[in-house]
Every structure is written in C-alpha cells, then in structure tokens.
Number of protein chains: 2
Amino acid sequence: MRRNTWQRDAVKAALDAQDAFVSAQQLHAVLRDDGTGIGLATVYRALADLAAGGGADSLQSAEGEALYRACTPGQHHHHLICRTCGVTVEIEADPVEQWARAVAAANGFTRPEHVVDVFGLCPACSKPAEL
Amino acid sequence: MRRNTWQRDAVKAALDAQDAFVSAQQLHAVLRDDGTGIGLATVYRALADLAAGGGADSLQSAEGEALYRACTPGQHHHHLICRTCGVTVEIEADPVEQWARAVAAANGFTRPEHVVDVFGLCPACSKPAEL
DNA sequence: GTGATGTTGACAATCATTATCAATAAGAAG
DNA sequence: CTTCTTATTGATAATGATTGTCAACATCAC
C-alpha cells in the first residue's frame, strides 16, 4: 500500500517550482534551505517514483548526472533545453514520431522508442554571446 | 605533440570490431582477453580522445554508464539501437535536423544541437518476443 | 643514439547513486 | 482515540564508474 508523506509532497512541490531540469542533489539542497530536514535518499526515492509514475521526465546531463523536471503527465512530448541555464520548454514533435517509426520499420526493428531532445541557448542566455 | 602508441591503436581497433555500443569497461575486458596488458585508465583516455576527435560517438546508457561506438567521421548522423543486444545502425535524419532548427528558432533559442536516438528490438531480438 | 616530454598504468580519490536497517509514522481496524 | 501493521524515512555505509596522481616508460625530433 502506498502511503502519503509530506516528504513526497515536498519533492513534488519543489520540482513543480522549477522551470529547468535539476539534479536530485540540487533539489535536496533547495528543500534543506527551505527548512525541511528531508534526507537525500528520500529525495532520490521520490524522484524515481515520480519518473516511474510519469509525473516527471528525466535525462542524463553531459556529466552523467541524472536530471529531473516536472512534466505534463499522459502526454508524449520532448524538450528544448538551454545549455547554459537549463530552462526547459516542452515541445511537440509529431513529425519526428512518425519519422522514428518509419526508420525503425525500414531496418526491421520493432517496438521503437526514441530519445529526442534539442539543446540550445535560450533568448536570455543568447544575449551575452552577442556582446 | 600527439604521439602514436599501440595502446591507442588497440582501442581504436577493438572499437571498430564492435557493431554495438560498448562501455569502456567492456572494451577493457576485451583488450585484456586479447592478451594486451593495457590499463583501464588508458582505455578511458583513448575513448575520450576518440569521442572528442569525432572518431567515436558516445551516449549514456539507462544505468548511467558511458557507451562508445566507432562512427563514420565528419558525417552528421544518428543511431538506431537494439535495446536487447545493443547492435547499432547509423541513420540519416535530415527531416529531424530541419525540424530541430525550426523548433529552436520558434522559441528564440540559438545555436541548436540535438540528441536523437531511436531504440527498439533488432530483427534477431524481435523473434523471441513472437514465441 | 639521446634527450625532452607525451603517455602509460597501478592505485587512490571522487562523486552520484543505491543498499542497509533501526526508528518513525501513515492508515486500517477495533 | 488507541493499537497494530508495515511502508517509509534518514543517517550512514557500500557500490561502482570515472578521474586524478605520479613515477616509470616509450616515442619521436634532432
């Protein structure tokens, strides 16, 4: 039986408050700063549960760290992510879905899934580069 | 000045002999089995150099392990990867390149890059699932 | 051949993540 | 409300991939 704890709610709330992909460690630091005495292991567990339940998306940073972000559940989507500040926009990719299925089928692959993420510099982070 | 060593050549050759993404640890084990006394750190360094120089592609497995595969240099491409055996096919994705640029631009993002990989079951690995 | 220095490899160090396990608290039952 | 069962927590140890360290070594220009 799954029990509801304030820890799980706190992790969910902290994740919802972010508009960027964040690591478990970062989220733990935020929660600690908020005065909660939540444990690091608990944050990891809550994030894993959220990701498994579809309440969060996860990806691996270039450094191999796992990053999480709250996502709109039940809807397949991808992400446009700022390389500098991490701010993330959910994007639709219908053409890519079809392309992925077609390419898989053309090579005899079944049960296709795909990882599609676009990285760039968001409008705010693009400006300094112009100076 | 970059020096040529048999270790670097051995890593390159061992990677070329694979048709799937492999981890540094796996490649090190293969090289050891071949009788070479190559060190693990050296395999990591050689793979990092190859990836940086465009001679290999890398991706993170679901378990967070870094995987490498020899790739055709100088040509932008993506991968169709078997979830079960890891066998990998290089694929072209021109429609996706254009879509990625368009989506980035539509959201004000500059300098877009993208991660596009398709996972599935290769023809050989698909058969057992039919039983 | 010789010397300067890039490279190697054994091992220690790092760091994110997971396992352990006694203490705690959620929720069902009375 | 009280009690009991057991899911959950959290401090800490353990894990495991990857990177840093540094003396010994090998490559290549000369």
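In this text, all values refer to a predicted model and were calculated from it rather than measured experimentally. Chain A is the first sequence line, chain B the second, and so forth, proteins listed ahead of strands; every chain is numbered from 1.
Computed from coordinates, the A:Arg8 CZ to D:dG10 P distance equals 11 Å when rounded to whole Å. Straight-line distance from the CG atom of B:Leu47 to the P atom of D:dA17: 15 Å, rounded to whole Å. When rounded to the nearest whole Å, the span between CG of B:Leu27 and C1' of D:dA17 equals 15 Å. What separates NE2 of A:His28 from C1' of D:dA11 is a distance of 11 Å, to the nearest Å. Spacing between atom CG of A:Asp49 and atom C1' of D:dT8 amounts to 11 Å, rounded to whole angstrom units. Following rounding to the nearest Å, A:Glu63 (CD) and D:dT19 (P) show an atom-to-atom distance of 11 Å. Between the CG atom of A:Asp9 and the P atom of C:dA25 there is a distance of 16 Å, rounded to whole Å. Protein atom CG of A:Leu31 is 14 Å distant from nucleotide atom C1' of D:dG10, rounded to whole Å.
If you look at A:His79 and A:Phe119, their ring centroids are not closer than 6.0 Å. Ring centroid separation for the pair A:Tyr44 and A:His28 does not come in under the 6.0 Å cut-off.
Remark: of the listed residues B:Leu40, B:Ile38, B:Val22, B:Val22 is the sole one forming a side chain to side chain contact (heavy atoms under 4.5 Å, CB included) with B:Leu27. Among the candidates A:Val87, A:Ile81, A:Thr88, the single residue satisfying the side chain to side chain contact (heavy atoms under 4.5 Å, CB included) test with A:Cys85 is A:Val87.
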Report summary line: Scoring nucleotides 12-23 of chain C by protein non-hydrogen atoms under 4.0 Å (B base, S sugar-phosphate only, - none) yields ----SBBBB---
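The existence of a salt bridge linking A:Arg45 and A:Asp49 is excluded, since no basic side-chain nitrogen approaches an acidic carboxylate oxygen closer than 4.0 Å.
When the side-chain nitrogen and oxygen atoms of A:Gln7 are compared with OP1 and OP2 of C:dA25, none of them lie within a distance under 4.0 Å.
Inspection of the B:Gln25 and B:Ser23 side chains reveals no N or O donor paired with an N or O acceptor under 3.5 Å. No hydrogens or angles considered: a donor-acceptor pair under 3.5 Å links the side chains of A:His76 and A:Glu97. There is no side-chain donor-acceptor pair under 3.5 Å between B:Glu65 and B:Gln26.
Summary of helix geometry: the two end axes of the helix from C:dG1-D:dC30 to C:dG30-D:dC1, each defined by five base pairs via their C1' atoms, are inclined to each other by 40° (rounded to 10°).
A donor-acceptor pair under 3.5 Å links the side-chain atoms of B:Thr36 to the main chain of B:Leu31, judged by distance alone.
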Query raised in the report: Does the side-chain contact (heavy atoms from CB on, under 4.5 Å) test come out yes or no for B:Glu63 and A:Gln60, once each step is laid out?
Result: CA-CA 10 Å; B:Glu63 294 78 35; A:Gln60 306 268 339; over 6 Å; no
Set out, line by line, the N/O atom pairs under 3.5 Å between protein and nucleotides 27-30 of chain C.
from, atom 1, to, atom 2, distance (Å)
C:dG27, OP1, A:Asn4, N, 3.1

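Between A:His78 and A:His114, the angle of the ring planes lies from 30° to 60°, which puts this pair in the tilted group.
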